[in-house]
Visitor: 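Handing you a structure now.
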Amino acid sequence: MSVSFLGGLAVDVHTHVYSNRYITLLQNRTAVPRIVTRGGQDRMLILPGEDTDASTSSGRPIGSEYWDGARKLAFMDGHGIAVSVVSPANPWLDFLPAADAGPAAVDINEDMEALCAGSGGRLYGMGLLPRDPMTAAAELGRIARLPHLRGAAIGTTGAGKGLDDPALDPVWAAAERNGLMLFVHPHYGLGNEVMGGYGHAMALALGFPFETTTAITRLILGGTLDRFPGLKLMVAHAGGVLPYLAGRLDACVAGDAHSPVRLRHPPSSYLRMMHYDAIGYQMPTLSLLIALVGADRLLFGTDYPFFPPHVGNAELDTATWHSPTVHRAILQELEPQTASAILRSNAMNTFGLAVPASA
Ligand code: 5CU
């Protein structure tokens, strides 16, 4: 990677990959989530109800950029990314019956380890988890023994009842015990009934962050971080809108005589115990997050290969992608030390990564 990039090389902590076995699962399905072939092109339909809204019913194009490690590396080279911590994207294993989800998690997490092990030090990974809490806790124990995996993605519904579900305690305990990061990421969208008609724009711009906001709020209000203060959490998309609403949340909790919540601290103070990708697309979002939680909690991310540029599949690997470009540019408005911490060193410290000399 000889070209020099504004601010230097990056570590990308929010970048997705589906394993071949996962893609096969989606191809063999007849209901959403699924992959269909239309007009000679594979299209992925994953969001709930995506097939019933005329403006989203054809899903999104999907090609090998979603599973080919060489294409991931080409994207990284083109955008000054030395190392990526790759994670499986939504909807993980939420659609599988419990009996199938455990074995599928083992296979897909082994695929992730193999992809990272063969990347010459450029890729580390996160696994995925079955929804059943005891099986998920056991899988976290296995993930901890895979040398290139650093944690797991977890959806906002947990085992199906939200992240304040006491049944999730074995999952939090296993992640905390093994020092693994749990990456909280949306999939279902909130308020879908008012998000239709404009393609994916409203569901992804608003519904996804609203979902994350609600999920993390429930996690905090349920006292999870009082019970598991060493739990490492990374919240997608700059924390949704929770940073913006944190003061109001404190006021509403303090003013609610009926709340069963007996937290040790005001809800907003738990935000400082989590990590966030810096995928906010504008400086004011990043500034607010830095002011609330500290720059040491922010990590550069891209969301690749979602939100691709409008070029043919063959040009994707050499095209300029919006997210890494805009997020790198925003960081350059910060003091250099802060920018380089968010761009790479926070991730290296948080995930225990080494940047290969060849990068
Ligand atoms: O385009 C989309 O639907 C998505 C998605 O499902 N997940 C994600 O992380 N980004 C975009």
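Here the structure is a predicted model, which means the values were calculated and not measured. Numbering starts at 1 and runs along the sequence shown. Just so you know, ligand 1 is whichever comes first in the structure, and atom 1 is the first atom listed for that ligand.
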Visitor: Any N or O of Asn90 that comes nearer than 3.5 Å to an N or O of ligand 1?
Guide: yes
Visitor: Taking only heavy atoms of Ile46 into account, list the atoms of ligand 1 that are under 4.0 Å away from them.
Guide: 6 (O)
Visitor: How about Phe306 and Tyr66: are their ring centroids closer than 6.0 Å?
Guide: yes
Visitor: Evaluate the ring planes of His237 and His185, with Trp represented by its six-membered ring, and classify them as parallel (under 30°), tilted (30 to 60°) or perpendicular (over 60°).
Guide: perpendicular
Visitor: Ring-plane angle category for Tyr18 and Tyr22, please: parallel below 30°, perpendicular beyond 60°, tilted otherwise.
Guide: parallel
Visitor: Heavy-atom contacts with His16 under 4.0 Å: which atoms of ligand 1 show up? List them by number with element.
Guide: 9 (O)
Visitor: Counting from 1, what ligand 1 atoms have a heavy atom of His185 closer than 4.0 Å?
Guide: 8 (C), 9 (O)
Visitor: To check you understand the geometry: which heavy-atom pair defines the closest contact between Phe300 and Thr302, and what is its length?
Guide: CE2-CG2, 3.8 Å
Visitor: Anything under 30° is parallel, anything over 60° is perpendicular, the rest tilted; go ahead and classify Trp321 against Tyr304.
Guide: tilted
Visitor: So which protein heavy atom does atom 10 (N) of ligand 1 come closest to, and at what separation?
Guide: Phe306 CG, 3.2 Å
Visitor: Among Met44, His187, Arg60, which one puts a heavy atom closest to atom 3 (O) of ligand 1?
Guide: Arg60
